[in-house]
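Single-structure report; data block below.
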Amino acid sequence: MLSQQPQWLTDDRRGYVRLLASVRDFVDSFANSSPARLALFIFTGVILVFTALLSLPVSASNGEVTALHDAFFTAVSAVCVTGLTVVSTATHWSFFGQLVILLGIFIGGLGTLTLASLLALIVSKRLGVRGKLLAQEALNNASRLGEIGTLLRIVITTSVLIEIVLAVVLIPRFMILGEPWWQAIWHGIFYSISAFNNAGFTPHSNGLVPYETDLWILTPLMVGVFLGSLGFPVIMVFVQVRHRFRKWTLHAKLTVSVSLILLVAGTFAWGFLEWENDRTISNLTIADKTIHALFASVMTRSGGFNLVDQNEMNSTTMLLTDALMFAGGGSASTAGGIKVTTIAVMFLAIVAEARGDSDVRAWGRTIPAGAMRVAISVIFMGATLVLVGSGLILALSDEPLDKVVFEVISAFATVGLSTNLSAELPPAGKYVLSALMFAGRMGTITLASALALRQRSTLYRYPEERPIIG
């Protein structure tokens, strides 16, 4: 005869089950009311977890506790795939600390809600409507609800596959250059994940400067950063449609076209401005100058790796870099900035207005007015954050305006290029840059939706009256 369990044990189990059910119901109601707010809270929670991990003595190479503002800044920079640092990634952090940073980059690149939805898909073999809505929010509404499951599988598959290929290419080169096999493997994996996720963290104390003319290393990094900056919806189009351009979605056409235009224009402009600068590339050969210009053009739109000291560039080049960083990469990608589709929509709207067209068109499609309102909102909110952030940093430091604006845009656009201002700021300044990185990674529209006190739909319209503009 089986002995009965004590009554107190049975009551504890029932209480535990009720607690789990209450938590589940709370999360469900929270997710249904505002997926953007849920994303905000989950993202914040992940950052706090990584801050705690990086604060542990085991994370630092000297075995001491890292200051809270430094650990928090590094955690935000990793999870927001930025690459700005206040301490040396190579010398300050232990192997465990670097592993934590790399895990933060991987999670931040895919997105916390994306991973949560993917986990639900793996466990239950299917996504319910609620799960699809959360995944759609995580991917910036980049796909129709029925395609979410397919997009999630493509996201994780392509991410891991591209990172593996990049690592396989990089590892032999590091071994040839004399690194021990275990170190070469670690560096290859670190650079591959950092590149595809547009993070810009480097495990070498001198960064990529020792490899400034090594195409075996620079080419995979450029390819990884460029692919990561296109975005998962574009990669899904590549996988499903491949080279048949006519069947591409409008989003894919706009993203690839504007990205290539900015890449070519940025290469020529950066090379022209720095060609005779003896502090950067003037002493190099023509081929090496071209490599530097191309590399800089790729990295300024979110990659964050650099071959020259950003402080040594001409003021005009810094202004060009500011513009490219603010532009950023593709929507629903690992890149930051206001996104290239935002720029494309606004440019097409200006062209339509100049021609007197009533509709904004591209490749046989009409872009709805709602998309233009969102584009205007993104640009205005992004510019406002940069303005406010610059004002706060100027108040907290004695640095010149160009240097401050450069660092602020790099933080907001999650690029990671730096004039070393981040490390020189007081703790309050580091928290300001952390907030900018967080806002840039979340996205201005998502952040505004998450912070809104309530959502409302208007059931009526006022009469139209057009004010005088311009």
Side-chain angles (χ1 to χ4, degrees), residues 42-112 114-116 118-119 156 159-171 173-175 179-208 217 220-221 224-225 228 303-305 334 414 416 422-423 434 437 441:
I42 290 179
F43 212 64
T44 303
V46 170
I47 288 174
L48 293 177
V49 169
F50 277 92
T51 301
L53 290 174
L54 291 175
S55 299
L56 297 175
V58 69
S59 295
S61 58
N62 59 8
E64 298 179 0
V65 176
T66 302
L68 178 61
H69 52 270
D70 290 337
F72 179 76
F73 187 97
T74 305
V76 174
S77 184
V79 176
C80 295
V81 291
T82 305
L84 285 176
T85 58
V86 290
V87 294
S88 173
T89 305
T91 59
H92 178 84
W93 303 109
S94 64
F95 174 77
F96 177 79
Q98 292 184 15
L99 184 62
V100 170
I101 291 173
L102 196 63
L103 183 61
I105 293 171
F106 184 77
I107 292 176
L110 290 178
T112 51
T114 302
L115 288 177
L118 185 67
L119 183 61
I156 189 65
S159 297
V160 174
L161 182 61
I162 292 173
E163 288 165 0
I164 289 175
V165 171
L166 293 175
V168 168
V169 174
L170 290 170
I171 290 171
R173 184 54 179 168
F174 288 127
M175 294 179 66
E179 293 188 1
W181 64 268
W182 54 269
Q183 192 176 59
I185 292 176
W186 171 242
H187 287 164
I189 294 173
F190 195 103
Y191 275 115
S192 65
I193 295 177
S194 184
F196 179 71
N197 291 286
N198 283 213
F201 280 91
T202 60
H204 289 106
S205 57
N206 294 326
L208 292 172
I217 292 178
L221 294 181
V225 167
F305 296 111
T334 56
T414 68
S422 300
S434 298
M437 289 188 285
R441 182 57 183 154

Can you tell me how far [atom2] of [Y] sits from [atom1] of [X], rounded to the nearest 0.5 angstrom?
{"X": "F196", "Y": "L161", "atom1": "CZ", "atom2": "CG", "value": "9.5 Å"}
{"X": "L54", "Y": "I101", "atom1": "CG", "atom2": "CD1", "value": "5.5 Å"}
{"X": "L170", "Y": "I189", "atom1": "CG", "atom2": "CD1", "value": "10.5 Å"}
{"X": "H187", "Y": "T202", "atom1": "NE2", "atom2": "OG1", "value": "9.5 Å"}

Please give me the minimum heavy-atom distance between [X] and [Y], naming the atom from each residue.
{"X": "A184", "Y": "M175", "answer": "CB-CG, 3.3 Å"}
{"X": "P203", "Y": "A90", "answer": "O-CB, 3.1 Å"}
{"X": "S194", "Y": "F305", "answer": "OG-CZ, 3.6 Å"}
{"X": "P57", "Y": "G63", "answer": "CB-O, 3.2 Å"}
{"X": "V169", "Y": "P220", "answer": "CG1-CG, 3.6 Å"}
{"X": "F73", "Y": "S434", "answer": "CD1-OG, 3.4 Å"}

Expected output: side-chain [X] to main-chain [Y] donor-acceptor under 3.5 Å:
{"X": "T334", "Y": "G109", "value": "no"}
{"X": "S94", "Y": "G97", "value": "yes"}
{"X": "S59", "Y": "L53", "value": "yes"}
{"X": "S192", "Y": "I164", "value": "no"}
{"X": "T66", "Y": "S55", "value": "no"}
{"X": "N197", "Y": "A199", "value": "no"}
{"X": "R441", "Y": "F43", "value": "no"}

L221 side chain near L208 side chain, heavy-atom distance below 4.5 Å: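 Yes, at least one pair of side-chain atoms sits under 4.5 Å.
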Audit row: L99, W93, side chain to side chain contact (heavy atoms under 4.5 Å, CB included) steps and yes/no: CA-CA 9 Å; L99 184 62; W93 303 109; over 6 Å; no
Worked verdict on F106 versus L102 for side chain to side chain contact (heavy atoms under 4.5 Å, CB included): CA-CA 6 Å; F106 184 77; L102 196 63; over 6 Å; no
Donor-acceptor side-chain pairing of T74 and H92 below 3.5 angstrom: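 H92 and T74 do not have a side-chain donor-acceptor pair below 3.5 Å.
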Pair Y191-H204, ring pair (Phe, Tyr, Trp, His ring centres under 6.0 Å): steps then yes or no: CA-CA 10 Å; Y191 275 115; H204 289 106; 5.6 Å; yes
Full working for side chain to side chain contact (heavy atoms under 4.5 Å, CB included) between I193 and F201: CA-CA 10 Å; I193 295 177; F201 280 91; over 6 Å; no
Among T51, V49, T44, the one residue meeting side chain to side chain contact (heavy atoms under 4.5 Å, CB included) with I47: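 Testing I47 for a side chain to side chain contact (heavy atoms under 4.5 Å, CB included) against T51, V49, T44 leaves exactly one candidate, T51.
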Candidate pair F190 and T89, rule side chain to side chain contact (heavy atoms under 4.5 Å, CB included), full reasoning: CA-CA 11 Å; F190 195 103; T89 305; 4.3 Å; yes
